[in-house]
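The next block holds one structure in the form of structure tokens; read it before the comments.
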There are 2 protein chains.
Amino acid sequence: MDAQLKRGLLDSCVLAAIRNKDSYGYQIIKDLKPYTELSESTLYTILKRLESAGMLTVRSAEHNGRLRKYYRITGAGTDRLREFREEWSEISAIAEFIIRECENDDKAGIS
Amino acid sequence: MDAQLKRGLLDSCVLAAIRNKDSYGYQIIKDLKPYTELSESTLYTILKRLESAGMLTVRSAEHNGRLRKYYRITGAGTDRLREFREEWSEISAIAEFIIRECENDDKAGIS
DNA sequence: ACGATATACATCGTAATACGAGGTATTATA
DNA sequence: TATAATACCTCGTATTACGATGTATATCGT
């Protein structure tokens, strides 16, 4: 898929993934796989960014001798998710305009 | 609005704007204003990009002593619009996942 | 007559970000 | 005993939306 279309979407996507339960990198990737496959380099960049922006907090924990970093969403993070919902209605309106143009073709029978 | 969310959307948006009739820069901006306000610098970058990619052709014409460059969509351009429609259903699925998480809050009555 | 606004094009630099390539280390599985 | 899975990380690059800025003509109000 065109990576550009996902711009700005993934931050909120990661926030949504930790919305109801704290989670860690590897788990987030698995949870999001049905929706979008994001690479580790992409995810860790996003997690760093979200942490810097105060959207989530981090806690290190040991699990079977391996390090795990659990991420928890903050109030600012949930606010951001709400903002996303509003912005998305604007984005949808743009996309619907584009798709409407495609459908005009279909109705007119143009291949 | 977050500029990142518009990434990749604007190319298709401009193609949609010239889908049914040839148009020129200034007119495209006016036509798209109800959906999204894009600056001239943004538009001309996009038009150049789409031309290089063979998505549209350009024709110069004089109008009241002023230069106008009319843009016409190509077959590759209409193909691109169809591709967009397919990609958008994937993007929508991601957005719906995010929004679903927001709505869980609302149902639970969490502020 | 003259300034403001609209029309119409263009370039340059910057910030943001998705991702590939590569790295480290442990545990489980075939 | 390899191979995969788990689990973290950094660096560089390509893409692109946009602000700032520039050029030039037409139109409109006062």
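Here is the naming used below: chain letters follow the sequence lines, and residue numbers restart at 1 for every chain.
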Exercise for the section: Show the numbers, then the answer: is there a salt bridge (Lys or Arg N to Asp or Glu O under 4.0 Å) between B:Arg7 and A:Asp2? Expected result: CA-CA 10 Å; B:Arg7 286 250 177 174; A:Asp2 179 15; over 6 Å; no
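In this view, A:Tyr26 satisfies the ring pair (Phe, Tyr, Trp, His ring centres under 6.0 Å) rule with no residue, not counting sequence neighbours. Partners of B:Tyr71 according to the ring pair (Phe, Tyr, Trp, His ring centres under 6.0 Å) rule, which considers only residues two or more places apart in sequence or in another chain, do not exist here.
Side-chain contact between B:Leu81 and B:Ile73: present, with at least one pair of heavy atoms (C-beta onward) separated by less than 4.5 Å. Counting heavy atoms from C-beta on, the side chains of A:Ile91 and B:Met1 come closer than 4.5 Å. Between B:Val58 and B:Tyr70, every side-chain heavy-atom pair lies at or beyond the 4.5 Å cut-off. Inter-residue side-chain proximity for B:Leu5 and A:Glu87 is flagged as met; some heavy-atom pair is nearer than 4.5 Å.
Scanning all heavy atoms of the two residues, the minimum distance from B:Glu40 to B:Ile29 falls at CG-CD1, 3.6 Å.
Annotation: of the two residues near DNA chain C, A:Asn64 and A:Gly8, the 5′-most nearest-nucleotide partner is A:Gly8.
Phosphate proximity of C:dA18 to A:Arg49: present, with a side-chain N or O under 4.0 Å from OP1 or OP2.
At a threshold of 4.0 Å, the pair A:Asp22-A:Lys69 does not count as salt-bridged, since none of the basic side-chain nitrogens sits closer than that to a carboxylate oxygen.
Rounded to whole Å, atom P of C:dT17 lies 4 Å from atom CD of B:Gln4. Taking atom CG of A:Leu38 as the reference point, atom P of C:dT17 lies 15 Å away to the nearest angstrom. As rounded to whole Å, 12 Å separates atom P of C:dG20 from atom CD1 of A:Ile29.
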Cut-off 3.5 Å, no hydrogens considered: what does the side-chain donor-acceptor table look like for residues 41-54 of chain A, sequence neighbours left out?
| residue | atom | partner | partner atom | Å |
| --- | --- | --- | --- | --- |
| A:Ser41 | OG | A:Ser39 | OG | 3.2 |
| A:Thr42 | OG1 | A:Ser39 | OG | 2.9 |
| A:Thr45 | OG1 | A:Ser41 | O | 2.6 |
| A:Arg49 | NE | A:Asp11 | OD2 | 3.3 |
| A:Arg49 | NH2 | A:Asp11 | OD1 | 2.7 |
| A:Ser52 | OG | A:Lys48 | O | 3.0 |

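Contact footprint of chain A on DNA chain D: nucleotides with an atom under 4.0 Å from a non-hydrogen protein atom, first to last in 5' to 3' order, D:dT6 to D:dT16.
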Handout entry: Sequence-aligned protein contact record of nucleotides 6-13 of chain C, with B where the base is within under 4.0 Å of a protein heavy atom and S where only the sugar-phosphate is
Key = -BBBBB--
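Scanning residues 50-59 of chain A for heavy-atom distances under 4.0 Å to DNA chain D yields an empty list.
No single ILVMFWY cluster, assembled from side-chain heavy atoms under 4.5 Å apart, contains both B:Val14 and B:Tyr24.
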